[in-house]
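Presented below is the structure to which this report refers.
Proteins come first, then strands; the chains are lettered A, B, ... in the order of their sequence lines, and each starts at number 1. Bear in mind that the values here come from a model prediction, so they are computed numbers and not experimental data.
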Amino acid sequence: MIGPRLLVRSLRFGYRDVPGLIVDLDLSVAAGEMIAVRGPSGCGKSTLLYLLGLYLRPDGGSIRLDGEETTTLSDRDRSRLRAHRIGFVFQDAGLHPGVALLDNVAEGAFYGGWSLRAARARALALMARYGIAGLAERRAVQVSGGEAQRAALCRALVRDPCLVLADEPTGNLDPENAAAVIEGIRAAADDGAAVVVATHSPAVAEACDRTVLLA
Amino acid sequence: MSAGRLPGIRPRVLLHIVVAGLREHRRRSLVTILVMGLACLVVVDTSGRTDATRRSLLAALEAPSLRLVRIVDRAGQAGFSTAAVEQLRALGSVEWAIGLGQVGPIGRNAALGGPTGGFGAGAVGVRAYVGDLFGGPLVRLVSGRRPEIGEAVAGAAAARALGLADGFGAVEDDRQGQVAVVGVVEAAHGVEGLDSYALVRGGAETAVTELVVLLRASRDVEPFVARLGDLLPSREGPLGIERAAELAALTEALATDAGALDAAVLWGALGATAAMVAALRFGAIDERRREFGLRRSQGATRSTIAAIVVLESAILGAIGVVLGGAVGAVLVVAQTGLAPDPALVASVGWLLALAAVAGAIPAAVAAARRDPIEVLRTI
């Protein structure tokens, strides 16, 4: 891999009611690097993650993932990139409540062309790694917040993403579960992913290689 | 690998998601199945009963007497012959045809004798025929055997009058002399008049003055009559043509009207089904905004979301159609005693399933257009 995994240049974005939320942002994250994005509420941390996760189109600038320009891609290709290369961990796990935890985790690989069996096997392996394999058949509503967030982390990692985005991943967790989740995200970086974590937590920022401050 | 070349979801995985979704939203799934089932039941029941009634009526209207055409050469100038009978029999629309000669002088039992001035005891009319008298459903040999040329069979009434209960004997008339009678026949379905004659089998030289033609279907009657001018070798002189024309027209009208009724019921049901499925599906996707947003956030394309919604409808529609069609068919059998036409049930099923899919398309498009960010900002 030559060059950064994620390269952002002159990124600009604003909502209709909040114009100029992000102005000329430059950012570079190498493979294996984990960075924290910090700043006051409303400064655009989550919005930056949505831009990097290809959920939003920027008003200007460039976002390159493994050298490929993403801002000009079609909606379909952006979805495909998400399905294959980007893992996202939300503050609230964002699981399907009535679906078994195993299928919730495996869904992270479903849209990337994995077979059902391969996706489930990979999901189960990750769940075992994060201590929730025993809950595989439980529905998401039947597990605790910490267990749900670990499942969400597994879902983000199941497709072996090159970019992991986490939006306040420990915001709703007790210290023990928060530590497990941060450890998991760190492990993803150690495995070669570029990781961007939006957080208010100094503990999370401390686990990162560097911090980017948004005003 | 560039984004454009990355593989998408596998069909089996898509099916797995769809089935899991149907299980998760069990109540909505059951309501959709119920709606589809009821729609199919109503259409199969209505169309099936209409079809059964129509088939019964059409069967009644296809009675041989309503498919019969008699062509009478009143002046004896048309030049009908054995060849004309054969020519008519060769037509695809003709099931049976015979030619009859003029009614001969009164005949008597050759053994018993009797008066010659009228149908008194032992006296009947004698008539020559050409063609296969027994080749159709109208004349049946009751006893004895089929006659050779120059021999006769007696109609049931004629046999009684001649005193030929077993069908064997001889008849004597003033023109042909003595003719052997070798059997008794019964005539029915519009040719009952033949029962009163001793029917002598004629040959190639027999003069034919009346053609009796049984067509295969009542709808063939009018076209056949219209073509008579081309079919017969000569049409000189006045011809009397007798047929049940009004009933044939009624047959046509019945088939057309019943078909129009079926079509009206079917189109109405298709429209209503599509509308109901659309309403149900819109309700479902509104309830499932978060689910679809999450799927999009995990990499589902718009077309994957649309496929999920449409496939769900197709599966629910298929289940509803099978259940509704089966119940509808049972109802038709219970009400009419006739099983509905399987092709009709299958066609109704297919069309309703298609209506379910068509009804789901607007909802599928709406679900696919949802921006995942709407959901992500609430997570």
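Using modelled atom types, one side-chain atom of B/Arg216 and one backbone atom of B/Gly92 make a donor-acceptor pair closer than 3.5 Å. Looking at A/His84, its side chain does come within 3.5 Å of a backbone N or O of B/Pro7 through a donor-acceptor pair. In terms of modelled atom types and a separation under 3.5 Å, the side chain of A/Ser201 and the main chain of A/Val204 share a donor-acceptor contact. For A/Arg150 (side chain) and A/Gly184 (main-chain N/O), no donor-acceptor pair under 3.5 Å exists by modelled atom type. Proximity of a side-chain donor or acceptor of A/Gln149 to a complementary backbone N or O of A/Ala178 within less than 3.5 Å is not detected.
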(message) Please determine whether salt bridge (charged side-chain N to carboxylate O under 4.0 Å, His left out) holds for the pair B/Arg370 and B/Asp286, giving the CA-CA distance in whole Å, both sets of side-chain angles, and the decisive distance to 0.1 Å.
(response) CA-CA 10 Å; B/Arg370 287 261 157 80; B/Asp286 203 47; 3.7 Å; yes
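Looking at B/Leu14, neither its backbone nor its side chain comes within 4.5 Å of chain A, counting heavy atoms on both sides. For A/Leu95, the part lying under 4.5 angstrom from a heavy atom of chain B is the backbone only. Looking at B/Ser297, both its backbone and its side chain come within 4.5 Å of chain A, counting heavy atoms on both sides. Neither the backbone nor the side chain of A/Asp167 comes within contact range of chain B; no heavy atoms are under 4.5 Å apart. For A/Thr70, no part lies near chain B; criterion is any non-hydrogen pair under 4.5 Å. Contacts of A/Leu116 with chain B are made by both backbone and side-chain atoms, with heavy-atom separations under 4.5 Å. Contacts between B/Gln298 and chain A at a heavy-atom distance below 4.5 Å involve backbone atoms as well as side-chain atoms. Both the backbone and the side chain of B/Ala300 come within less than 4.5 Å of a heavy atom in chain A. Heavy atoms closer than 4.5 Å to chain B are found in the side chain of A/Arg120, but not in its backbone.
Options A/Arg82, A/Arg76, A/Arg78 differ in how many heavy-atom pairs under 4.5 Å they form with chain B, and the most are formed by A/Arg82. Ranked by heavy-atom pairs under 4.5 Å with chain A, the first of B/Glu291, B/Glu24, B/Arg295, B/Arg12 is B/Arg295. Your options are A/Leu73, A/Asp75, A/Leu56, and the one with the most heavy-atom pairs under 4.5 Å with chain B is A/Asp75.
In this structure, A/Arg9 places its CZ atom where more than 12 heavy-atom neighbours from other residues, nucleotides or ligands lie under 6.0 Å away. Few gaps surround CZ on A/Arg57; more than 12 heavy atoms of other groups in view lie less than 6.0 Å from it.
Ring orientation note: the planes of B/His16 and A/Phe110 are nearly perpendicular, at an angle over 60° on the 30°/60° scale.
Residues of residues 314-337 of chain B lying within less than 4.5 angstrom of chain A, judged on heavy atoms, are absent. Contact residues of residues 152-162 of chain A toward chain B are A/Arg155, A/Arg159 (heavy-atom distance under 4.5 Å).
Between the side chains of B/Ser29 and B/Thr32, no donor-acceptor pair of N or O atoms lies under 3.5 Å. Counting only N and O atoms by type, the side chains of B/Arg296 and A/Tyr55 include no donor and acceptor under 3.5 Å apart. Side chain to side chain, B/Glu287 and B/His25 fail the donor-acceptor criterion of an N or O pair below 3.5 Å. A/Thr170 and A/Glu168 are not linked by any side-chain donor-acceptor pair at a separation below 3.5 angstrom, with hydrogens and angles left out of the test. Checked by atom type, the side-chain pair A/Glu147/A/Ser144 shows a donor-acceptor distance below 3.5 Å.
Looking at heavy atoms from C-beta onward, A/Arg85 lies in side-chain contact with A/Glu68 at the 4.5 angstrom threshold.
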